[in-house]
Amino acid sequence: MFDRLLGLALFLLAISVTILLHRIIKGPSMPDRVLALDAIGIHLIAMMAVLSISLRTSAFFEIMLLLAILSFIGTVALTKFIERGVLVEYDRNR
Amino acid sequence: MKTHSMILLTVTRVVVFVIMIFAVQLFLMGHSRPGGGFVGGLAVAAAVVLLYLAADVKTVQLGIPLDFKVLALTGVLIAVATGMGSLIFGQPFLSHAFGHFALPLFGSTELTTVVIFDTGVGLAVLGTALTIIDTISEDISEDICRWKR
């Protein structure tokens with residue numbers, strides 16, 4: 001029963017990721033796409049959490065943390081690119 | 001007109017240390033669990049990339065006065081030297097040894113030469129990743145610089 005519930009949760013998360021993919025491909029503006037990418041990162045973390053419950057292991061926990069960090073940095077980078085057009089500048093006071 | 005992101009800079013000052021501590025944990029855990037020098041180096045590189053994004057190249061170079069190419073070379077040298085070290089004792093290349101030592105604060109601790117090898121791998125990964133970021137960023141900014149002049 002519990003395993004079936006976990007499978008259902010994984011299935012719903014997968015459907016959600018599919019809808020987000022639609023938003024990335026079709027999204028009218030760039031901020032929509034960035035938000036959808038960030039949400040996909042969070043969904044991946046959630047899927048890994050459900051998977052580690054289902055497999056009864058704690059081996060994925062560090063990978064979840066790492067994915068959270070990388071997703072955060074990716075969102076920051078894309079946001080800065082949209083806002084300023086330059087990712088890494090030499091002198092920000094120029 | 002360009003605006004500074006004060007929120008990003010303030011958050012970065014805290015988050016960078018969290019990422020670095022997590023990187024150290026990943027590095028030390030690599031012996032028996034997922035992790036190790038490669039991922040640890042990448043996590044530190046992620047922290048420095050966040051610094052680059054929040055601040056700028058000039059400020060980061062002020063804080064971390066290292067040439068990342070030299071860092072990568074040092075890492076490769078350490079890794080290869082650790083591998084060659086086993087040749088001295090007549091063992092195959094990259095053989096590693098470990099032993100239990102009585103340390104003052106930790107009690108009996110298992111120390112192994114794999115950690116030194118992993119340090120080399122981590123430094124090489126960190127140096128390579130940051131050299132790539134550095135090269136890209138310097139090109140872009142100097143181009144803009146030339147246009148403005």
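Note on naming: letters A, B, ... go to the chains in the order of the sequence lines (proteins, then strands), and numbering restarts at 1 for each one.
For chain B, the nearby parts of A:Leu66 are the backbone and the side chain; heavy atoms of each come within less than 4.5 Å. B:Leu8 touches chain A through its side chain: at least one heavy atom from C-beta onward sits under 4.5 Å away, while N, CA, C and O do not. With a 4.5 Å cut-off on non-hydrogen atoms, B:Phe22 touches chain A through its side chain but not through its backbone. Interface remark: A:Phe72 contributes side-chain atoms only to the contact with chain B (heavy atom separation under 4.5 Å). B:Val39 touches chain A through its side chain: at least one heavy atom from C-beta onward sits under 4.5 Å away, while N, CA, C and O do not.
Residue-environment remark: CZ (B:Phe93) exceeds the threshold of 12 foreign heavy atoms within 6.0 Å.
Following chains of ILVMFWY side-chain contacts shorter than 4.5 Å, one cannot reach B:Val15 starting from B:Leu9, and the two form parts of different hydrophobic clusters. Cluster membership for B:Val80 and B:Val125, using ILVMFWY side-chain heavy atoms within less than 4.5 angstrom, is shared. The hydrophobic clustering, which links ILVMFWY residues whose side-chain heavy atoms are closer than 4.5 Å, places A:Ile73 and A:Met64 apart. Residues B:Tyr52 and B:Leu42 are members of separate hydrophobic clusters, defined by side-chain heavy-atom contacts under 4.5 angstrom among Ile, Leu, Val, Met, Phe, Trp and Tyr. Under a hydrophobic-cluster definition in which Ile, Leu, Val, Met, Phe, Trp and Tyr are linked whenever side-chain heavy atoms come within less than 4.5 Å, directly or via other members, A:Met47 and A:Phe2 are assigned to the same cluster.
Between B:Ala46 and A:Leu70 the shortest heavy-atom distance is CB-CD2, 4.2 Å. Here the shortest heavy-atom pairing between B:Leu26 and A:Glu62 reads CD2-CB, 4.0 Å.
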